[in-house]
Amino acid sequence: GAGVSQTPSNKVTEKGKYVELRCDPISGHTALYWYRQSLGQGPEFLIYFQGTGAADDSGLPNDRFFAVRPEGSVSTLKIQRTERGDSAVYLCASSYYPTGYNEQFFGPGTRLTVL
Amino acid sequence: KQEVTQIPAALSVPEGENLVLNCSFTDSAIYNLQWFRQDPGKGLTSLLLIQSSQREQTSGRLNASLDKSSGRSTLYIAASQPGDSATYLCASHSGSARQLTFGSGTQLTVLP
């Protein structure tokens, strides 16, 4: 595809349930990022992958959050025992250069609502 | 830790006006600064990227400048149009961090 894609676009779940959010980066991009955006705020960093490995997961709020990128392309963000405070838009971005400092391109996001 | 601030939080201007959006950051050791546009309910669209060695970048009616010594960046929009209405976010890389640190954005409304 031409850009970063994310599925689903919307996810409604009940408190305590498990959810998976998927990100397909731009083909050939080595770096992949997950961010979370609350209403009226800028995105906040969650985790960064360089290839298959998580190079920096310092933004994950707690151990209920986990992300994988097994083949260095598609990534899945997994949230266990969801809480109402997890409700937000989850954004994925990718970039080309291995340093990760180059321009980041964002997907449309997944809006997660925890009831 | 890098902190990015955008003031004002909201701005309303009549169509045709030239305008400037401000972004300030606390850590002057940035690697680059990126400006984004976000339409309601949508993801982020990259507008301009300024590398730390550059002073400005231009794309069409947009011009972004970077002054590392003062910790400031500005986004200049010429001849604003109603279609420019959106939230504009700035973000920087700094230190050893690969991730972007974002401001809270400026919500721009251009009135016809």
Side-chain angles (χ1 to χ4, degrees), chain A residues 2-7 9-10 21 23-26 29-51 53-60 67 88-111 113, chain B residues 1-10 21-25 27 29-54 57 59 64 66 73 75 86-107:
Chain A
V4 178
S5 62
Q6 292 185 247
T7 55
S9 56
N10 282 283
L21 312 179
C23 172
D24 282 84
I26 293 172
H29 279 195
T30 57
L32 185 146
Y33 311 78
W34 283 98
Y35 295 84
R36 178 168 71 173
Q37 186 175 26
S38 300
L39 191 63
Q41 301 297 316
E44 293 182 326
F45 168 74
L46 295 175
I47 187 169
Y48 154 61
F49 288 89
Q50 186 59 264
D56 185 349
D57 64 358
S58 63
L60 295 177
V89 176
Y90 289 80
L91 295 165
C92 175
S94 68
S95 65
Y96 174 67
Y97 289 101
T99 63
Y101 287 143
N102 218 54
E103 189 171 10
Q104 292 188 22
F105 296 90
F106 280 75
T110 294
R111 182 175 298 278
T113 303
Chain B
K1 179 185 175 184
Q2 178 75 286
E3 293 182 5
V4 180
T5 303
Q6 292 185 251
I7 296 174
L21 305 181
N22 296 298
C23 171
S24 61
F25 44 91
D27 184 353
I30 67 170
Y31 288 94
N32 59 38
L33 190 132
Q34 198 167 351
W35 282 92
F36 295 89
R37 168 186 174 136
Q38 187 171 33
D39 292 285
K42 305 293 186 182
L44 279 65
T45 300
S46 179
L47 297 174
L48 291 164
L49 173 76
I50 311 176
Q51 302 278 6
S52 61
S53 58
Q54 299 172 321
Q57 282 284 343
S59 176
L66 175 63
S73 177
L75 179 67
T87 296
Y88 291 80
L89 295 144
C90 68
S92 75
H93 286 120
S94 66
S96 61
R98 293 336 193 235
Q99 69 269 25
L100 290 169
T101 299
F102 283 85
S104 295
T106 295
Q107 184 176 359

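Letters A, B, ... are given to chains in the order of the sequence lines, protein chains preceding strands, and every chain is numbered from 1.
Only the side chain of Gln37(A) comes within less than 4.5 Å of a heavy atom in chain B; its backbone stays farther off. The contact between Gln38(B) and chain A is made entirely by side chain atoms (from C-beta outward), counting heavy-atom distances below 4.5 Å.
In this structure Tyr35(A) satisfies the ring pair (Phe, Tyr, Trp, His ring centres under 6.0 Å) test together with Phe106(A), Phe102(B), sequence neighbours excluded. For Gln57(B), the side-chain contact (heavy atoms from CB on, under 4.5 Å) partners two or more places apart in sequence, or in a different chain, are Leu48(B), Ile50(B), Gln54(B).
The minimum heavy-atom distance between Gly42(A) and Leu89(B), with the atom names listed, is CA-CD2, 4.0 Å.
The OG atom of Ser95(A) lies 6.5 Å from the NE2 atom of His93(B); values are rounded to the nearest 0.5 Å.
Checking Gln104(A) against Gln99(B) by side-chain atom types alone, no donor-acceptor pair falls below 3.5 Å.
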